Amino acid sequence: MTTVKELSEYIDAGVAKTPASMVIEHGTLVNVNTGEYYQTDVAIYKERIVAVDTDISDYIDENTKHIDATGKYLVPGLIDGHIHVECSKLSMTRFAEAVVPHGTTSIISGLDEYISVLGLNDLQEIFDEIKPLPLKLFWGLPYKTPYTIPKSTIAYNVSAADHEKYQALDQCYGVWETVREAVQIKDSDTLQAISSAQQYHKPIFGCSPMTRGKELNQFLMSGVTIDHESYSHAEFLEKARKGVHVVIRESSVTKFLAENIRAITEGAAGVARHTSFCTDDVNASDILNHGHLDHMIRLAIKAGLSPMTAIQMATLNSAEAYHIDNQVGSIAPGKDADILLVDQPDQFNIETVISKGQLVYDTQKTVFPFVPPVRTPKILNTVKHVEMTASEFDYHADISDGPVTVRTIHSVGPFVRKQKDIELTAHNGIILPSIEKDAVSVSVIERYGINQNHAHSFISGWSIKHGAIATTSAPDDNNMVVAGVNTADMALAANTLLKCGGGQVVVMDGKILSLLKLPIAGITTDLTPVELATMENELKQKSILLGCQLPDPLFYLSFLPITAIPDLAITDGGNVDYTKLTYFDPVVGH
């Protein structure tokens, strides 16, 4: 919040009584407010734009920094409308280091993965880390945690009382990730969270994949105005027609831009004005190889949108949807000084990034020092479980020997999982996985030291023939997930992560093939983006040695506990049938 003193300073700077800290001269403005291109200069005082005019000579003195934008286009800083930063496995500092050079200067996030591990009080350490970075966070408090239905185990459960407190604060910008099921069952905490936000005129961010017709109508009666989960252009268009600001998602594993944008190119062109972009879950490798929101702009232009429309979707549209257009989203007096210099709008190659009035990236070089803070023990020592044995990964059944039909969680995509019944064999009361039938053992283990829950099941569609893989980065609850065909290797994978405080690991024949340590809350690291991308690639390559044929096995593994997307999931509480919102027994017959 701006103090009265700061406000007075900015007012003086606006009328040139105080000289500008920086000016950008001779550039062509991409005016997202009016859809125009024209030459102008920009004056910046501290962190804000104070003038956008053809003559800014009155704003300049001998201490003003000059940036020559001749031949360049001036674009507002880009806004990611929905992202789980923690899923990148990069700390906030390293995430900013990765995305700001690609033009992303603001993100909308709930920091829900951190909350599940650290709670709201210790989240302050993450907020303190973000403050000096050239990346703004517009934080929405999750509608509740955990998201899982039935409820899984996490370190902190966000409640209605938290919303009553935080929605009144300037640092909170609404309700994050309100899932349809919570509205459907009229969960009391969720309804109270929504009511608290509405009291302060703050938006409700929704999550309603594959929702149409009456179910969509029901969901929208909650007051949700934004949604980032559309699996088809028809679903996307219906949501837009019903007044939803619809966010196109293009993550590392869920790529919906090409399909969703058809609602604009083949449906109704006017939808574009009520559409924005998000990456949701993105990894370091993809950011380095393809970019971030700049990549989405290029994809949208290639799909048939005009450069102006695509740029509006990445800037102004998102700012208006989240009620932050008084701060960001356009280049205008009073707005934050987040400005990109690009070569041509239709090519959208970023050459310079200014964020919070600071030069961050220039001539293909990062000039801002991204230095992670010293970490405290309270966010480093979060994985709490005794050493495990191979026998703990056996699936015990009430049949001693013989065939048994098991309902496996069959992956047909990173999120979409269907049931597939497979006949397996029980021996001495233990159901055995089957390499030949592609039935792999999976466990989810509570890792907060609360109740020692350990859920067992089987997954299919993975083609794992050797060893095991494991992760403690696993939204929505970030418990430990272990999958494999060998219980000894599963135990080794689990114990390796317990000893190092969390991470991701690939194990085969009693040997650790690859280990990525994630010491920050057991889910992120201060490795540089390049270092992390190298490790991600190594994990993928070693997973191939196990026989796994999925495009990103550790990403798929980490998503198994998400219960809010059809049809099946597994949490520390057991196997979950999303269609019924209840647990199910994987053994269906013998």
Side-chain angles (χ1 to χ4, degrees), residues 82-87 108-120 123 139-160 162-163 166 174-194 197 204-211 219 222 224 226-229 247 249 251 254 278 280-281 409 414-417 444 446-448 450 453 455 471-481 521 523 558-583:
H82 184 99
I83 185 164
H84 301 262
V85 177
E86 307 94 315
C87 288
I108 317 297
S109 184
L111 301 182
D112 42 331
E113 313 305 338
Y114 278 128
I115 292 171
S116 70
V117 181
L118 304 175
L120 285 170
L123 190 65
W139 176 65
L141 178 61
Y143 75 99
K144 68 183 297 182
T145 59
Y147 298 159
T148 48
I149 302 175
K151 186 165 72 173
S152 58
T153 306
I154 60 173
Y156 188 85
N157 298 320
V158 171
S159 67
D162 291 319
H163 280 275
Y166 283 93
V175 181
W176 166 267
E177 193 91 66
T178 309
V179 302
R180 185 182 68 83
E181 299 75 40
V183 172
Q184 175 188 337
I185 64 175
K186 292 186 281 190
D187 174 74
S188 60
D189 270 347
T190 302
L191 299 188
Q192 289 177 55
I194 291 171
I204 315 300
F205 321 156
C207 175
S208 61
M210 306 182 207
T211 304
F219 183 54
S222 68
V224 164
I226 307 164
D227 191 277
H228 70 285
E229 289 265 12
V247 185
R249 175 174 66 178
S251 78
T254 49
C278 80
D280 204 353
D281 308 300
I409 301 171
F415 290 119
V416 180
R417 299 175 292 266
V444 176
E446 183 273 314
R447 59 91 156 182
Y448 301 104
I450 296 173
N453 278 356
T471 181
T472 55
S473 170
D476 292 317
D477 49 30
N478 292 298
N479 282 307
M480 183 161 58
V481 189
I523 55 178
S558 70
F559 289 150
L560 282 177
I562 296 177
T563 63
I565 301 174
D567 283 344
L568 307 181
I570 178 172
T571 70
D572 73 295
N575 292 261
V576 178
D577 183 339
Y578 161 92
T579 64
K580 299 184 176 73
L581 301 181
T582 59
Y583 293 122

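All residue numbers refer to positions in the sequence shown, counting from 1. No experiment lies behind these values; they were computed from the predicted model shown.
Looking only at side-chain heavy atoms (C-beta outward), Arg417 and Leu560 come within less than 4.5 Å of each other. A heavy-atom distance below 4.5 Å is found between the side chains of Val576 and Pro150. Within the 4.5 Å cutoff, the side chain of Glu181 has no heavy atoms near those of the Thr563 side chain. His82 has its side chain out of reach of Ile108: every pair of non-hydrogen atoms, C-beta onward, lies at least 4.5 Å apart. A heavy-atom distance below 4.5 Å is not found between the side chains of Ile570 and Pro561. Under the 4.5 Å side-chain criterion, counting only non-hydrogen atoms from C-beta, Val416 is in contact with Met210. Side-chain atoms of Asn479 and Tyr448, non-hydrogen and from C-beta on, do get closer than 4.5 Å to each other.
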Exercise. Passes side chain to side chain contact (heavy atoms under 4.5 Å, CB included), Asn478 versus Thr472? Steps please.
Worked result: CA-CA 6 Å; Asn478 292 298; Thr472 55; over 6 Å; no

For this session: Decide yes or no on side chain to side chain contact (heavy atoms under 4.5 Å, CB included) for Lys144 and Asp162, but give the supporting numbers first.
Result: CA-CA 9 Å; Lys144 68 183 297 182; Asp162 291 319; over 6 Å; no

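Ring geometry, His84 versus Trp176: the interplanar angle exceeds 60°, so the pair is classed perpendicular (tilted spans 30 to 60°). Relative orientation of the Tyr143 and Tyr147 rings is parallel, given thresholds of 30° and 60° on the angle between their planes.
With Asp227 contributing its side chain and Ser208 its backbone, the two residues share a donor-acceptor pair below 3.5 Å. Between the side chain of Ser109 and the backbone N or O of Ile83 there is at least one donor-acceptor pair closer than 3.5 Å. Side-chain N or O atoms of Asp280 include none that pairs as donor or acceptor with a backbone N or O of Arg249 at under 3.5 Å. Formation of a donor-acceptor pair under 3.5 Å by the Thr145 side chain with backbone atoms of Val158 is found in this model. Asp572 places no side-chain N or O within donor-acceptor distance of the main-chain N or O of Val444, the cut-off being under 3.5 Å. Remark: side-chain polar atoms of Glu177 are not paired, donor with acceptor, to backbone N or O of Val179 under 3.5 angstrom. Between the Thr178 side chain and the Phe205 main chain, a donor and an acceptor come within less than 3.5 Å of each other.
Trp139 CH2 to Asp112 CG: the interatomic distance, rounded to the nearest 0.5 Å, is 10.5 Å. Note that the OG atom of Ser159 and the CG atom of Leu120 stand 8.5 Å from one another [nearest 0.5 Å]. Taking CD1 of Ile562 as the reference point, atom CG of Asp477 lies at 9.5 Å (rounded to 0.5 Å). The line from OG of Ser116 to CD of Glu86 is 8.0 Å long, rounded to the nearest 0.5 Å. Atom CG of Asn453 and atom OG of Ser152 lie 9.5 Å apart (nearest 0.5 Å). With rounding to the nearest 0.5 Å, the separation of OG1 in Thr211 from CZ in Arg180 is 4.5 Å.
For Ala474 against Val481, the heavy-atom pair with the smallest separation is CB-CG2, 3.7 Å. Taking all atoms of both residues into account, the shortest heavy-atom contact from Leu141 to His163 is O-CE1, 3.3 Å. When all heavy atoms of Ser558 and Ser473 are compared, the pair lying nearest together is CB-O, 2.9 Å. Nearest approach of Cys87 to Asp281, heavy atoms of both residues: SG-OD1, 3.3 Å. Between Cys207 and Phe219, the shortest heavy-atom distance links the atoms N-CZ, 3.8 Å.
Of the residues listed (Asp577, Asn575, Thr571), the one engaging Tyr583 in a side-chain contact (heavy atoms from CB on, under 4.5 Å) is Thr571, and it is the only one.
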